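Both backbone and side-chain heavy atoms feed into the values below; hydrogens, waters and symmetry mates do not. Predicted model only: the values in this text are computed from it and were never measured.
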Amino acid sequence: MAAAVRLRADLAGLGFGTGASPATIIPVHVGDVVLCCRLWRELFDEGIFATAMVPPSVPDGQALIRVSTTALHTDAQLDRIASAFATAGRRLGLIP
């Protein structure tokens with residue numbers, strides 16, 4: 001749970017909407033399907049495995065990336081995930 005709390009805070013600090021759930025699966029809200037798929041691909045190319053959730057799995061306009069964390073994630077791995085989101089998010093204009 002600590003890994004999820006930390007990563008959620010890191011992603012929110014970058015400007016991503018992550019919701020308020022304390023779950024170990026973190027939703028990163030994107031909204032637009034095309035942008036969500038582009039973010040997924042950018043993360044994949046950065047070596048980060050996440051899941052793109054697009055309609056019909058989620059309602060129209062609510063596409064998101066799901067990131068799963070476990071107690072085995074190291075601080076270095078969490079830093080790497082946040083860094084990949086920062087790079088990809090800025091490249092796509094999702095965050096400042």
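- For the residue pair Leu39 and Gly89, the shortest heavy atom distance occurs at CD1-N, 4.3 Å.
- Atom CZ of Phe16 sits about 4.0 Å away from atom CD1 of Ile95, to the nearest 0.5 Å.
- The OG1 atom of Thr87 lies 9.5 Å from the CG atom of Leu14; values are rounded to the nearest 0.5 Å.
- Gln62 places no side-chain N or O within 3.5 Å of a backbone atom of Pro59 that could act as its donor or acceptor partner.
- Environment of CZ in Arg38: sparse, with no more than 12 heavy atoms of neighbouring residues, nucleotides or ligands closer than 6.0 Å.
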### Candidate pair Ile48 and Arg80, rule side-chain contact (heavy atoms from CB on, under 4.5 Å), full reasoning
CA-CA 8 Å; Ile48 305 302; Arg80 178 75 182 99; 4.2 Å; yes
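- Between Glu42 and Leu92 the shortest side-chain heavy-atom distance falls below 4.5 Å.
- With a 4.5 Å cut-off on side-chain heavy atoms, Trp40 and Thr51 do not count as touching.
- Two different hydrophobic clusters hold Ile25 and Phe85 under the rule that ILVMFWY side chains link at heavy-atom gaps under 4.5 Å.
- Closest non-hydrogen pair, Cys36 versus Val30, comes out as N-CG1, 3.5 Å.
- Taking CE from Met1 and CZ from Arg8, the interatomic distance works out to 8.5 Å, rounded to the nearest 0.5 Å.
- The heavy-atom pair separating Arg6 from Asp75 by the smallest distance is NH1-OD1, 3.1 Å.
- When every heavy atom of Leu43 is checked against every heavy atom of Ala88, the shortest pair comes out as CD2-CB, 4.4 Å.
- Considering every non-hydrogen atom in both Ala4 and Thr24, the closest pair reads CB-CA, 3.7 Å.
- A 4.5 Å side-chain heavy-atom check between Val5 and Pro22 finds every atom pair outside the cut-off.
- Formation of a donor-acceptor pair under 3.5 Å by the Arg66 side chain with backbone atoms of Ala50 is not found in this model.
- Leu64 and Leu11 are assigned to two separate hydrophobic clusters, defined by single-linkage of ILVMFWY side chains at heavy-atom distances under 4.5 Å.
- The only member of Ile81, Asp10, Thr69 that meets side-chain contact (heavy atoms from CB on, under 4.5 Å) when paired with Ile26 is Thr69.
- Considering every non-hydrogen atom in both Leu78 and Leu7, the closest pair reads O-CD1, 4.0 Å.
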